[in-house]
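Since this is a predicted model, take the numbers as computed values, not measurements.
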Amino acid sequence: QVQLVESGGGAVQAGGSLRLSCTASGIIFSIHAMGWYRQAPGKQRELVAAIPSAGITNYADSVKGRFTISRDNAKATVYLQMNSLKPDDTAVYYCNADLTNSWNRRNTYWGQGTQVTVSS
């Protein structure tokens, strides 16, 4: 019923930038929190950035000052602007949304993941 569609991943050199986008589609009653996670090979999935509520943003310490999360409520879209990318940022990035769907149920949804590769 609800799907998260991601785009914007790719391969860049260290110091480069990428912007990830994630749009929630389907019948949505309300959007609560949206965010981005990432998972590198052999590592656990970790929170990168999130907007848990209006006017509040959270970032992993490793990306503070380099990444910026934003949200367009009219488009049901969350963005992750990634600057000064490092090889350690290489991972599959997953969009996440906490929302109430058409069955009036509050659930967490995940995107399919988009690969970000940063070379030295």
Side-chain angles (χ1 to χ4, degrees):
Q1 186 68 25
V2 176
Q3 291 184 315
L4 305 183
V5 180
E6 301 159 326
S7 63
V12 297
Q13 298 289 324
S17 298
L18 287 172
R19 189 180 76 159
L20 306 183
S21 300
C22 173
T23 299
S25 62
I27 301 174
I28 301 169
F29 182 78
S30 63
I31 299 175
H32 307 287
M34 299 189 78
W36 291 92
Y37 290 71
R38 68 185 181 188
Q39 187 169 18
K43 297 184 178 181
Q44 298 295 313
R45 188 174 299 187
E46 63 176 349
L47 175 68
V48 178
I51 303 179
S53 61
I56 299 175
T57 56
N58 295 326
Y59 295 94
D61 288 340
S62 60
V63 307
K64 282 185 176 179
R66 300 188 297 119
F67 291 10
T68 302
I69 188 170
S70 60
R71 178 170 156 180
D72 186 333
N73 290 330
K75 297 181 178 180
T77 298
V78 63
Y79 305 93
L80 185 67
Q81 179 66 47
M82 304 184 294
N83 298 327
S84 302
L85 284 162
K86 304 175 181 179
D88 286 348
D89 296 319
T90 296
V92 178
Y93 284 70
Y94 296 90
C95 178
N96 172 269
D98 173 19
L99 54 82
T100 298
N101 62 23
S102 61
W103 291 284
N104 198 32
R105 302 286 181 85
R106 183 168 178 172
N107 290 321
T108 297
Y109 296 87
W110 293 91
Q112 77 286 353
T114 184
Q115 177 71 47
V116 171
T117 301
V118 185
S119 59
S120 301

- May I ask you to decide if Gly113's main-chain N or O and Glu6's side chain share a donor-acceptor pair within less than 3.5 Å? yes

- Message: Once side-chain contact (heavy atoms from CB on, under 4.5 Å) is applied, do any residues pair with Thr90, and if so which ones, sequence neighbours excluded?
- Response: Gln115, Thr117, Val118

- Task: Drop me the distance from Arg106's CZ to Asp98's CG, to the nearest 0.5 angstrom.
- Result: 4.0 Å

- Query: If you round to the nearest 0.5 Å, how far is CG of Asn107 from CG of Leu99?
  - Reply: 7.5 Å

- Message: So, using salt bridge (Lys or Arg N to Asp or Glu O under 4.0 Å) as the criterion, who are the partners of Lys43 when residues are at least two apart?
- Response: none

- For Asp72, check salt bridge (Lys or Arg N to Asp or Glu O under 4.0 Å) against everything at least two apart and list the hits. none

- Task: Under the side-chain hydrogen bond (donor to acceptor under 3.5 Å, both in side chains) rule, collect the residues that match up with Thr68, sequence neighbours excluded.
- Result: none

- Task: Not counting sequence neighbours, which residues clear side-chain hydrogen bond (donor to acceptor under 3.5 Å, both in side chains) with Asn73? List them please.
- Result: Arg71

- Query: Can you tell if the side chain of Arg38 reaches within under 4.5 Å of the side chain of Val63, non-hydrogen atoms only?
  - Reply: yes

- Please name all residues satisfying side-chain hydrogen bond (donor to acceptor under 3.5 Å, both in side chains) with Tyr109, sequence neighbours left out, ordered by chain then number. Asn101

- Message: Please tell me whether Leu85 and Tyr94 are part of a single hydrophobic cluster in this structure, the criterion being side-chain heavy atoms less than 4.5 Å apart.
- Response: no

- Query: Do Val116 and Val12 share a hydrophobic cluster (ILVMFWY, side-chain heavy atoms under 4.5 Å, transitive)?
  - Reply: yes

- Item | Tyr79: hydrophobic cluster co-members (side-chain, 4.5 Å) | none

- Item | All side-chain hydrogen bond (donor to acceptor under 3.5 Å, both in side chains) counterparts of Gln13, not counting sequence neighbours | Ser119

- Query: If you take all heavy atoms of Ala40 and Ala91, which pair is closest and at what distance?
  - Reply: N-CB, 3.8 Å

- Item | Value rounded to 0.5 Å, distance of OG in Ser25 from CD in Gln1 | 9.5 Å

- Distance-minimising heavy-atom pair for Leu4 and Ala97: CD1-N, 3.7 Å

Throw together a table of side-chain donor-acceptor distances under 3.5 angstrom for residues 27-36, partners on residues two or more places apart or in other chains.
residue, atom, partner, partner atom, Å
Ser30, OG, His32, NE2, 3.4
His32, NE2, Thr100, OG1, 2.9

- Note on the structure: When rounded to the nearest 0.5 Å, the distance separating CD1 of Ile69 from OG1 of Thr57 is 8.0 Å

- Item | Residues that Arg66 engages under salt bridge (Lys or Arg N to Asp or Glu O under 4.0 Å), provided they are two or more places apart | Asp89

Under 3.5 Å, side-chain donor or acceptor atoms of residues 14-22 against the rest of the protein: list the pairs with distances, not counting sequence neighbours.
residue, atom, partner, partner atom, Å
Ser17, OG, Asn83, OD1, 2.9

- Message: Taking ring pair (Phe, Tyr, Trp, His ring centres under 6.0 Å) as the definition, give me every residue that meets it alongside Tyr37, ordered by chain and number, with sequence neighbours left out.
- Response: Trp110

